[in-house]
Novice: 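Have a look at this one.
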2 protein chains.
Amino acid sequence: MNDRISPEPPATLAELMRRGNVFAEQCPSREVLKHVTSRWGVLLLVALRDGTQRFSDLRRKVGGISEKMLAQTLQWLEADGFVARIAHPVVPPHVEYSLTPLGEELAQKVEALADWIEFKLPEIMAARASRENGAG
Amino acid sequence: MNDRISPEPPATLAELMRRGNVFAEQCPSREVLKHVTSRWGVLLLVALRDGTQRFSDLRRKVGGISEKMLAQTLQWLEADGFVARIAHPVVPPHVEYSLTPLGEELAQKVEALADWIEFKLPEIMAARASRENGAG
DNA sequence: CGGTATCCGTACTGATACTG
DNA sequence: CAGTATCAGTACGGATACCG
């Protein structure tokens with residue numbers, strides 16, 4: 001269980017899996033990946049690409065998200081260094097969220113993945129249909 | 001509620017969000033994205049990039065996954081057209097799983113995302129550390 | 001406005017046992 | 001070997017109420 005002292009500078013996920021680590025439970029990447037691929041993480045990252053926005057802006061834009069999950073997901077992303085939070089000390093409170101450069105990089109990749117699925121949806125749905133028709 | 005009859009040929013996730021759809025709940029993409037980004041979906045897609053493998057091979061390689069979730073996740077990915085399943089009619093049963101061309105494309109993108117996180121982990125951890133030191 | 005704390009239902013997860 | 005069925009624990013997610 002002393003994976004932490006392994007000498008190699010790892011690298012790819014496939015590498016880790018080949019070592020039998022599976023991208024080990026202990027690995028912080030698992031945590032980050034979880035935040036990013038969480039139900040609202042994906043949507044929030046994409047939403048933030050529009051630029052700096054307030055808490056309520058995001059709540060409206062993402063639509064369907066509860067305050068709890070919005071706050072929590074933003075905190076995860078902030079802790080991971082993907083989101084910057086600026087609270088203006090006024091009443092009523094004014095808080096702005098934006099992507100950090102690191103977050104912008106990530107958001108692009110996430111959006112690319114989501115867009116790929118959008119784009120390939122016809123093929124995906126066709127696969128489903130063909131299976132139902134007896135091809136499975 | 002009649003989003004389905006909207007004329008435009010949609011496109012990007014950001015587009016959908018801008019329309020207030022958020023990548024609507026009704027949208028099948030949500031379902032697919034859920035399968036792909038699920039706890040085991042990511043790992044399985046990457047694992048399958050090594051080539052055709054049997055059920056038990058995958059179980060061993062992914063390590064930590066239960067038979068139930070392995071079967072279920074494989075079924076999701078198969079239904080979405082990302083995974084091909086071939087059952088040889090012998091005893092004991094011999095079933096092989098592999099990526100379809102579509103699945104291979106997807107797996108590449110997923111792995112790229114995971115690898116990016118692996119690669120940027122130092123920056124991410126640094127972000128966490130700096131926040132704990134009072135920068136937050 | 002921008003959160004936090006609490007309660008609660010659900011849905012995902014895993015261990016076990018069983019079947020073909 | 002490759003699943004399926006069942007059951008129980010957990011963790012996620014949402015609604016509500018309350019605080020700064």
Side-chain angles (χ1 to χ4, degrees), chain A residues 22-26 30-45 47-48 52-80 83-98 131 136, chain B residues 22-26 30-45 47-48 52-80 83-98 131 136:
Chain A
V22 184
F23 199 42
E25 310 290 327
Q26 313 79 346
R30 277 301 300 266
E31 194 71 10
V32 176
L33 192 65
K34 191 172 186 176
H35 298 162
V36 171
T37 64
S38 71
R39 178 167 184 188
W40 303 112
V42 175
L43 282 329
L44 235 24
L45 284 169
L48 281 164
T52 298
Q53 286 155 89
R54 299 181 63 174
F55 187 87
S56 46
D57 290 335
L58 290 169
R59 183 149 163 56
R60 233 171 300 115
K61 178 173 297 185
V62 172
I65 192 172
S66 65
E67 289 182 12
K68 175 183 172 180
M69 294 317 297
L70 178 54
Q72 182 165 101
T73 307
L74 283 171
Q75 282 165 15
W76 285 339
L77 297 176
E78 190 193 359
D80 290 341
V83 165
R85 176 183 182 275
I86 299 179
H88 300 279
V90 297
V91 293
H94 187 114
V95 182
E96 298 188 320
Y97 293 91
S98 59
R131 287 180 47 72
Chain B
V22 184
F23 198 44
E25 310 290 325
Q26 314 79 347
R30 277 301 301 264
E31 194 71 10
V32 177
L33 192 63
K34 191 173 185 175
H35 298 162
V36 171
T37 64
S38 72
R39 177 167 184 189
W40 303 111
V42 175
L43 281 329
L44 234 25
L45 284 169
L48 281 165
T52 299
Q53 285 155 91
R54 300 180 62 173
F55 188 87
S56 46
D57 290 335
L58 291 169
R59 183 148 162 57
R60 233 170 301 117
K61 177 173 296 184
V62 173
I65 192 172
S66 66
E67 290 183 10
K68 176 183 172 180
M69 294 317 296
L70 177 55
Q72 182 166 101
T73 308
L74 283 171
Q75 282 165 15
W76 285 339
L77 297 177
E78 189 193 359
D80 291 341
V83 165
R85 176 184 182 275
I86 298 179
H88 300 279
V90 298
V91 294
H94 187 115
V95 183
E96 298 188 321
Y97 293 91
S98 59
R131 288 180 46 72

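Computed from a predicted structure; not experimentally measured. So you know, we letter chains A, B, ... as the sequences are listed, proteins then strands, and number each from 1.
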Novice: Any side-chain heavy atom of B/L43 within less than 4.5 Å of one from B/I65?
Specialist: no
Novice: Any side-chain heavy-atom pair from B/L58 and B/L70 closer than 4.5 angstrom?
Specialist: yes
Novice: Between the axis at one end of the helix from C/dC1-D/dG20 to C/dG20-D/dC1 and the axis at the other (five pairs apiece), what's the angle to 10 degrees?
Specialist: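 That helix gives 40° between its end axes.
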Novice: Which letters describe nucleotides 1-13 of chain C, given B = protein heavy atom under 4.0 Å from base, S = only from sugar-phosphate, - = neither?
Specialist: BSBB-BB----SB
Novice: My understanding is that only residues two or more places apart in sequence, or in another chain, count here; which of them pass salt bridge (Lys or Arg N to Asp or Glu O under 4.0 Å) with B/R59?
Specialist: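 Partners of B/R59 by the salt bridge (Lys or Arg N to Asp or Glu O under 4.0 Å) criterion, ordered by chain and then number, come out as B/E67.
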Novice: Could you give the distance from CZ (A/R85) to CG (A/L77), rounded to the nearest 0.5 Å?
Specialist: 13.5 Å
Novice: Looking at OG1 of B/T73 and CZ of B/R39, how far apart are the two atoms once the value is rounded to the nearest 0.5 Å?
Specialist: 10.5 Å
Novice: What is the distance, to the nearest angstrom, from the NE2 atom on B/H88 to the C1' atom on D/dG3?
Specialist: 16 Å
Novice: Take the protein atom CG of B/L70 and the nucleotide atom P of D/dA2, then report the distance between them rounded to whole Å.
Specialist: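 Taking CG of B/L70 and P of D/dA2, I get 10 Å after rounding.
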Novice: Mind checking whether A/H88 and A/H94 have parallel, tilted or perpendicular rings, split at 30° and 60°?
Specialist: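 Ring orientation, 0 to 90° scale: perpendicular.
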Novice: Roughly how far, to the nearest 0.5 Å, is CG of B/L74 from CG of B/L48?
Specialist: 7.0 Å
Novice: Working to the nearest 0.5 Å, report the span between NE2 of B/H35 and CD of B/E78.
Specialist: 12.5 Å
